[in-house]
Amino acid sequence: MQAVDPYIWMENLDDPRVKKFIEEENKRLREFLGDLPSKLYPRIAKYYMMNYPTMIRVTDRGYFALFKEGKVLKIKFRPREGEGWIELINSEQLGKDYIIRYFYVNQDGTRLAYEFSYGGADVGATRIIDVDSLETVDEIKGDIHGVLWLDKDRIYYVRFFRSEKTPDGIPPPASRVFLREEGKEEMVFGQGLPPMYFIGLDRSRFSDHVLAIVSYGWTESMAYGGPLRDPNKWEKIYEGRGYIVYPVEYVNNRYLITSFEKNMGCILSVRNGEKEILIDEWEFPLQSAVVVEDRILVHYLQHASSILKIFNFRGELLDKVISDVPGTISSLDSNGMEAVFLFQSFWIPYRIYIFSLDKMELLESNEVSNDYIVEEDFTTSKDGTKIHLFIVRKRNSPIRNVLLFGYGGFRISITPSFVPSVLPFIDDGGAYAIANIRGGLEYGEEWHRQGMRENKQNVFDDFMAAIEYFRKKGARVVATGRSNGGLLVGAVLTQRPELLDGALIGYPVLDMLRFHKLYIGRAWVPEYGDPDNPKDAEFLRKYSPYHNISRDKKYPPTLVYTGLHDDRVHPAHALKFVARLKEVGAPVYLRVETVSGHAGASPEIRLKEYSDTLAFVYKVLNMTTSEDSSS
């Protein structure tokens, strides 16, 4: 333990000492990896350069999607009666190393707003274009989300205040809703909301009603609604006292609300302040819901895999849709008459489905030809809790080298997804595994709360149980995690380094006594606790990776990687942690990308990062890359 932080100077990224440290560490990593990244690069690129959408929306006019095509990000439009996609915007038009992060489209499909930033930063700009002419109508600087249209030329949006006070004088981090008209903005909602309260904004597909959520962290929220064009009449329609709620739709003169007042989540019908349970909780957790005509599509997770259930307005189950392979539904969207969503799995980059009352249709898909298999199993954590595992490998390939991924926080469920960077590893006989540990929403809200604040140690115990599961099979294990998952791996590394053959830690939160003082870290106080509160500081210090590095422990090879454009999790977490590990003689390496951030990076930069991080895994596990697979 250290009373004084000897590396606090690393929080100033403009300090010449920091720049020198980064340069030296990047060079040292290059020397350690040698030419292995260049061998892995084309093999990862074979999968990563495949074309697939990352989000999709449905409008009255047709479908809009954000595609990754090779090294370019593109927003495309597909007319309802057409058979092909029409390109609207691509990231190359914005400049080198710019990324498109998200987009919004109005209901008739004539206006589109897209968020973009340089180097994957959270702060960027939102540009609004006319879909037919592709002319820019407006551009808004800053951290903007929740764009919705009142009419063709007026919009609402949420502005996130990261470092400055709100117009009503509230210190950051905070959110406010603005009306924008003729290039001018006026704050219309959120007056007086304290710091760490965040706003989400949407609208009904069936009427001129706004749907809004005001959340305190990831533990409590309130649903608001009212007439779209009169913010003065937006009112609280339901309050989650100590739990999460969010509005789904306003239809038939009532609000449909998802509520986690029941552990697994239920859907309520709220009219004139009176509520009734429309769809009761199931044994597995609810994720999201949309309305299509008189049907409610509800997305659930069953052992961390997506399924859809279809109900009528009386709450009666009509049908259930389960995939042929464990996978993830995302981007579920409705225009009121039909719904669209993406499906993804370990070797399925995407499937696009369209749902209407007449049918469920597969619009298009892309799959990797393979002999991969996915297995599911459970292990037992320290307190007896069962922990679900996904294990992906080639058929008949023994489990000898394992890359184990975890996250464990913020109600984020870790589900099957297409990860191009791990497929060469699997092709070469490795096993990629996911541990569905506490802190996420895989098994309900209580599952989340058992992994937050003073219960955070449960998350680390769960992950260590997963590591032991593979060690008992005689396998070597490299643990990997990113962001909050970087905290996870950092905590396991400092608590029980003997369990690991290697650690791969990306864009991490590692200093649990100063995270709230760096960038938007104060936003995470509801999830982690407040270091300025002595009681919270006590349990934070117990596991804070940065504060629990010891000269008496032998650490496995470790790679910590981050990006200088990460304006969400300060790169100093990574820099300070590596400096302290080096101080005690640990075999640690650092990779700092100059043009990547927490929100992502350009495909070219991401490919280089994947090649380096996977090369580290190969080096640690003494694996060789199969040149035969590069064709």
Side-chain angles (χ1 to χ4, degrees), residues 51 53-160 177-188 201-203 205 208 210 228-229 331 333-336 340 352 599-600 602-603:
N51 300 338
T54 58
M55 68 173 290
I56 191 164
R57 293 290 180 262
V58 57
T59 69
D60 299 342
R61 192 179 186 184
Y63 315 101
F64 292 77
L66 174 59
F67 279 84
K68 190 199 72 63
E69 292 192 0
K71 297 181 180 181
V72 184
L73 300 166
K74 298 179 179 181
I75 299 176
K76 294 186 171 187
F77 167 61
R78 179 170 177 147
R80 185 170 305 284
E81 305 304 325
E83 295 185 357
W85 293 92
I86 301 168
E87 180 181 321
L88 303 177
I89 298 293
N90 76 66
S91 57
E92 287 184 328
Q93 297 170 319
L94 304 173
K96 180 176 171 57
D97 294 321
Y98 275 85
I99 67 167
I100 300 172
R101 301 199 315 253
Y102 202 83
F103 73 83
Y104 309 85
V105 62
N106 64 353
Q107 191 145 333
D108 65 11
T110 59
R111 286 282 195 268
L112 180 140
Y114 62 95
E115 300 173 9
F116 64 97
S117 68
Y118 177 73
D122 284 348
V123 176
T126 298
R127 185 172 294 170
I128 301 169
I129 65 167
D130 179 272
V131 172
D132 293 314
S133 68
L134 300 184
E135 292 181 358
T136 298
V137 176
D138 197 3
E139 184 169 305
I140 313 163
K141 304 289 187 182
D143 196 340
I144 304 297
H145 63 275
V147 177
L148 62 87
W149 281 261
L150 288 79
D151 51 46
K152 199 170 186 179
D153 297 312
R154 293 188 299 160
I155 61 170
Y156 291 129
Y157 55 86
V158 180
R159 181 179 289 279
F160 180 44
V177 177
F178 289 84
L179 166 67
R180 189 169 180 92
E181 184 176 8
E182 296 181 349
K184 298 178 181 179
E185 65 177 28
E186 174 191 0
M187 193 182 90
V188 296
L201 199 62
D202 200 356
R203 64 167 294 175
R205 271 61 171 176
D208 279 349
V210 76
L228 178 69
R229 291 170 177 80
S331 215
D333 186 46
S334 169
N335 69 343
V340 64
I352 299 177
S602 70

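Note that the structure is predicted; figures quoted are calculated from it, not measured. By convention here, the first residue in the shown sequence is residue 1.
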| With Arg159, which residues qualify under side-chain contact (heavy atoms from CB on, under 4.5 Å), at least two apart? | Ile140, Ile144, Tyr157, Phe161, Phe178, Glu185

| note | Minimal heavy-atom distance between Ile155 and Ile128, with the atoms involved, is CD1-CD1, 3.4 Å

| request: Using the test side-chain contact (heavy atoms from CB on, under 4.5 Å), find all partners of Gln107 that sit at least two apart in sequence or belong to another chain. | output: Asp60, Arg205

| Whether Ser133 side chain and Glu135 backbone form a donor-acceptor pair below 3.5 Å | yes

| message | Please check this pair: side chain of Asn106 against backbone of Arg111, looking for a donor-acceptor N/O pair closer than 3.5 Å. | response | yes

| message | Determine whether a donor-acceptor pair (N or O, by modelled atom type, separation under 3.5 Å) exists between the side chain of Arg101 and the backbone of Asp122. | response | yes

| said: With a 3.5 Å distance limit and no angle check, can you tell me whether Asn90 reaches the backbone of Lys74 through a side-chain donor-acceptor pair? | reply: no

| message | So does Leu73 get a backbone contact from the side chain of Ser91, meaning a donor-acceptor N/O pair under 3.5 Å? | response | yes

| Looking only at heavy atoms, what is the nearest atom pair of Gly124 and Ser117, with distance? | CA-CB, 4.0 Å

| request: Tell me, please, which residues at least two apart from Ser331 pass side-chain contact (heavy atoms from CB on, under 4.5 Å). | output: Met55, Ile56, Arg57, Leu342

| Distance (rounded to the nearest 0.5 Å) between Asp138 CG and Thr136 OG1 | 9.5 Å

| query | Which pair of non-hydrogen atoms, one from Ile75 and one from Tyr114, has the smallest distance, and what is that distance? | reply | CD1-CB, 3.5 Å

| Which value, rounded to the nearest 0.5 Å, describes the distance between Arg154 atom CZ and Leu179 atom CG? | 6.5 Å

| field | Gap separating the CZ atom of Phe103 from the CG atom of Leu66, nearest 0.5 angstrom | value | 6.5 Å

| request: Just do the side-chain contact (heavy atoms from CB on, under 4.5 Å) check on Leu228 and Arg203 with the steps written out, would you? | output: CA-CA 8 Å; Leu228 178 69; Arg203 64 167 294 175; 3.5 Å; yes

| task | Measure the shortest side-chain to side-chain distance between Asn335 and Thr59 over non-hydrogen atoms and say whether it is less than 4.5 angstrom. | result | no

| With sequence neighbours left out, what residues match Glu139 under salt bridge (charged side-chain N to carboxylate O under 4.0 Å, His left out)? | Arg127, Lys141

| message | Once side-chain hydrogen bond (donor to acceptor under 3.5 Å, both in side chains) is applied, do any residues pair with Lys76, and if so which ones, sequence neighbours excluded? | response | Glu69

| field | Backbone N/O of Gly146 and side chain of Tyr104: donor-acceptor pair under 3.5 Å | value | yes

| message | Show me the pairs that pass ring pair (Phe, Tyr, Trp, His ring centres under 6.0 Å) and involve residues 79-98, at least two apart or across chains. | response | Phe67-Trp85, Tyr98-Tyr118

| Within-4.5 Å side-chain heavy-atom neighbours: Phe77 and Val105 | no

| said: Within 45 degrees of the ring normal and closer than 6.0 Å to the centroid, is that where the cationic atom of Arg80 sits relative to Tyr63? | reply: yes

| request: Mind checking the CD1-CG spacing from Ile99 to Leu94? Nearest 0.5 Å is all I need. | output: 10.5 Å

| message | Before you tell me yes or no, could you show the steps for Lys152 and Asp108 under salt bridge (Lys or Arg N to Asp or Glu O under 4.0 Å), namely the whole-Å CA-CA distance, both residues' side-chain angles and the distance that decides it to 0.1 Å? | response | CA-CA 10 Å; Lys152 199 170 186 179; Asp108 65 11; over 6 Å; no

| task | Report yes or no: does Lys68 contribute a side-chain atom to a donor-acceptor pair with the main-chain N or O of Gly70 at less than 3.5 Å? | result | yes

| message | As a quick check of understanding, evaluate side-chain contact (heavy atoms from CB on, under 4.5 Å) for Phe160 and Val123, giving each step before the final call. | response | CA-CA 9 Å; Phe160 180 44; Val123 176; over 6 Å; no

| task | Compute both the distance and the angle, then confirm whether Arg229 meets the cation-pi test with Tyr156: under 6.0 Å from the six-membered ring centre, within 45 degrees of the axis. | result | no

| For the atom pair CZ (Phe64) and CG (Asp333), what is the distance rounded to the nearest 0.5 Å? | 11.5 Å

| Contact summary for Pro79 and Gly84, nearest pair of heavy atoms | CD-O, 3.8 Å

| Within a strict 4.5 Å, meaning less than it, do heavy atoms of the Pro53 and Ile352 side chains meet? | yes

| query | Where do Asp132 and Arg61 land on the salt bridge (Lys or Arg N to Asp or Glu O under 4.0 Å) test, with the steps shown first? | reply | CA-CA 12 Å; Asp132 293 314; Arg61 192 179 186 184; 2.3 Å; yes

| Heavy-atom closest contact (Asp130 atom, Val137 atom, distance) | N-CG2, 3.7 Å

| query | If you look at every heavy atom in Val58 and Val340, which pair is closest and at what distance? | reply | CB-CG1, 3.6 Å

